[in-house]
Amino acid sequence: MSTIEDKVERLDSILGQFIVHTDVALRRLENDTKAFKDEMKAFRDEMREDRKEMNRQWAALAKKMGTLDEDLIAPATRPVIKKYFGCEPTTRAIRILRRINGEDFEVDVLAVCEDKVFMIEVRSTPKVEYVDEILMKASQFKKFFPEYENKELMPIFGSIVFPENVIKYASKKGVYLMAYREWEYMDIVNFDEVKR
């Protein structure tokens, strides 16, 4: 009988140890789970902040991309105008805005010579329809800039590169295109065609 009692005592002892170890393991698991949840919450909060910061940076980049072409084209304005039109600009302005009777008129790059005024409109993705928009805008130019009434208005469409269909259309319509030539320097890419 003692062997059964010994076995029961041993089993009781093992069961007690199992309960103690299980209890300790469950407390550890509970603590680990709480720590994991806290870490996950901190991680989610950090990710949320990172996402907000990334969105702010994307917004800043998108805003900058909106002016990138102008920032590249504006410095080339003087040498290109001097080379092709034989005049030295005395004035150059970027993103100039005029408002008359609640109506806004903005020019991306404005350059003024003695007898000519250059209205350069910049687009990052050139399309044929922009040529017509620029011509329509040019027809309103002197209403907003009457001080240039006695100067010849030269509308120029500026971009980084132009597809062939836009070059042909702009040339036919008499609009100069200013872009990079072979990625080396800014140039009027259809000067001879428009001059004809």
Side-chain angles (χ1 to χ4, degrees), residues 57-196:
Q57 289 177 5
W58 275 113
L61 181 60
K63 183 177 179 183
K64 185 61 185 167
M65 290 302 291
T67 64
L68 182 62
D69 292 340
E70 294 161 26
D71 294 341
L72 290 171
I73 289 171
T77 300
R78 190 186 56 74
V80 166
I81 287 173
K82 188 174 182 180
K83 175 181 177 181
Y84 285 98
F85 300 96
C87 66
E88 181 77 39
T90 56
T91 302
R92 185 190 79 194
I94 301 170
R95 293 179 284 282
I96 187 166
L97 173 70
R98 286 279 172 94
R99 181 172 289 142
I100 296 177
N101 300 326
E103 196 177 347
D104 289 348
F105 190 91
E106 185 175 354
V107 177
D108 294 330
V109 181
L110 179 73
V112 182
C113 289
E114 188 176 320
D115 61 341
K116 294 176 181 65
V117 59
F118 298 86
M119 181 189 85
I120 304 172
E121 290 300 303
V122 181
R123 303 290 185 276
S124 57
T125 308
K127 298 177 184 174
V128 167
E129 53 266 23
Y130 292 153
V131 173
D132 294 326
E133 287 178 18
I134 290 167
L135 287 171
M136 178 64 89
K137 192 170 184 176
S139 72
Q140 297 291 307
F141 179 84
K142 291 185 179 177
K143 170 185 166 186
F144 289 89
F145 294 91
E147 66 269 32
Y148 303 124
E149 185 62 43
N150 297 326
K151 295 183 187 293
E152 182 182 5
L153 176 62
M154 309 296 287
I156 298 176
F157 183 179
S159 192
I160 303 300
V161 294
F162 284 97
E164 194 59 38
N165 66 322
V166 176
I167 293 172
K168 286 179 182 173
Y169 188 74
S171 299
K172 188 172 85 176
K173 291 290 196 167
V175 175
Y176 293 104
L177 301 177
M178 188 171 158
Y180 274 97
R181 188 175 299 274
E182 299 178 12
W183 295 103
E184 291 181 20
Y185 56 92
M186 191 63 69
D187 207 354
I188 300 288
V189 296
N190 65 339
F191 187 77
D192 294 331
E193 289 84 352
V194 171
K195 273 299 193 192
R196 276 188 232 129

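Note: E121 CD to L110 CG = 10.0 Å, rounded to the nearest 0.5 Å. We find the CD-CD1 distance between Q140 and I100 to be 10.0 Å, quoted to the nearest 0.5 Å. Between T77 atom OG1 and I94 atom CD1 the span is 7.5 Å, to the nearest 0.5 Å. The structure places CD1 of I96 at 13.0 Å from CE of M119, a figure rounded to the nearest 0.5 Å. Between E88 atom CD and K82 atom NZ the span is 4.5 Å, to the nearest 0.5 Å. Atom CE of residue M136 and atom CD of residue E129 lie 14.0 Å apart, to the nearest 0.5 angstrom.
Nearest heavy-atom pair across A170 and L177 is CB-CD2, 3.6 Å. A pairwise comparison of heavy atoms in K151 and V112 identifies CE-CG1, 3.7 Å as the closest pair. Scanning both residues, I73 and M186, for their nearest heavy atoms gives CG1-CE, 3.6 Å. For the pair R78 and P89, the tightest heavy-atom approach, listed with the atom from each and the gap, is CG-CD, 3.7 Å. Nearest heavy atoms, N190 versus S171: ND2-OG, 3.1 Å. The shortest non-hydrogen separation linking P75 to R92 is CA-NH1, 3.6 Å.
Inter-residue side-chain proximity for Y148 and L153 is flagged as unmet; no heavy-atom pair is nearer than 4.5 Å. By the 4.5 Å heavy-atom criterion applied to side chains, K172 and V131 are not counted as neighbours. Looking only at side-chain heavy atoms (C-beta outward), Y169 and D132 come within less than 4.5 Å of each other.
Results of the ring-ring contact (aromatic ring centres under 6.0 Å, His included) test with F157 over Y176, F162, F118 single out F162 as the only residue that passes.
The cationic group of R98 does not satisfy the cation-pi geometry with F144, failing either the under 6.0 Å distance to the six-membered ring centre or the 45° limit from the ring axis.
At most 12 non-hydrogen atoms from other residues, nucleotides or ligands lie less than 6.0 angstrom from NZ of K173. The number of heavy-atom neighbours closer than 6.0 Å to CG of N150, taken from other residues, nucleotides and ligands shown, is 12 or below. The environment of CD in E114 is sparse: at most 12 heavy-atom neighbours from other residues, nucleotides or ligands sit within 6.0 Å.
Classification of the F85-F191 ring pair by plane angle, with boundaries at 30° and 60°, yields perpendicular.
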